[in-house]
Amino acid sequence: LKSHSIRADAEAALVLLPTQMGRHNLECSRPGRDDIILNSKKIRKGGSFMATVSETYSYRCEQGYIITAVLAEDQWDDDTGGNPELVSGGVDQRHVEIKVTSQWSRGFHFKFIVYGKRQ
């Protein structure tokens, strides 16, 4: 298993999970028992020869909700997927932005899940 570093953020603890079979996942907190899924989306992007590609996933909560956990799950398990990074928002906020950047000459396929609850 390959390990990634743990990085503290002012908003919440971010953990790049140890890759399981080569996955590059990002977990911002963990969903609680009473949390609900506010949004779920998959983004797949093809590679570009001799370059990286990137895309930013954005989500804003409806009025009256707050984010409690965010997961960015790499759908490829062969260590060729992209690298997710929290750009803004997240836990205890009403919005989140996560940028995924591919590896050199590769694409990526990620599933994003945002959990939350009523304020």
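None of these values were measured; they are calculated from a predicted model.
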Is the backbone N or O of [Y] less than 3.5 Å from a side-chain atom of [X], with the two atoms forming a donor-acceptor pair by type?
{"X": "T101", "Y": "S54", "result": "no"}
{"X": "R44", "Y": "F110", "result": "no"}
{"X": "Q93", "Y": "S88", "result": "no"}

Quick check on Q119: does its CD atom have over 12 non-hydrogen neighbours (other residues, nucleotides or ligands) under 6.0 Å away? yes

Rounded to the nearest 0.5 Å, what's the gap from [atom1] on [X] to [atom2] on [Y]? Could you check?
{"X": "D78", "Y": "R23", "atom1": "CG", "atom2": "CZ", "answer": "9.5 Å"}
{"X": "R106", "Y": "K45", "atom1": "CZ", "atom2": "NZ", "answer": "15.5 Å"}
{"X": "Q63", "Y": "R118", "atom1": "CD", "atom2": "CZ", "answer": "10.0 Å"}
{"X": "K42", "Y": "I113", "atom1": "NZ", "atom2": "CD1", "answer": "9.5 Å"}

Reference residue K117; test side-chain contact (heavy atoms from CB on, under 4.5 Å); the match among L38, I36, I67, D35: D35

Minimum-distance pair of heavy atoms, taken over all atoms of [X] and [Y]:
{"X": "L71", "Y": "E27", "value": "CD2-CG, 3.5 Å"}
{"X": "I98", "Y": "A72", "value": "CD1-CB, 4.4 Å"}
{"X": "H109", "Y": "W76", "value": "CB-NE1, 3.5 Å"}
{"X": "N83", "Y": "Q103", "value": "ND2-CG, 4.3 Å"}
{"X": "D74", "Y": "G81", "value": "OD2-CA, 3.7 Å"}
{"X": "S102", "Y": "G107", "value": "CB-O, 3.8 Å"}

Any side-chain heavy-atom pair of [X] and [Y] under 4.5 Å:
{"X": "Y65", "Y": "V114", "value": "no"}
{"X": "S40", "Y": "K111", "value": "yes"}
{"X": "E73", "Y": "N25", "value": "yes"}

hydrophobic_cluster_shared for [Y] and [X], side chain cutoff 4.5 Å:
{"X": "I43", "Y": "V100", "answer": "yes"}
{"X": "W104", "Y": "F49", "answer": "yes"}
{"X": "Y115", "Y": "Y57", "answer": "no"}

From CA spacing to verdict: side chain to side chain contact (heavy atoms under 4.5 Å, CB included), V53, F108: CA-CA 9 Å; V53 293; F108 57 81; 4.1 Å; yes

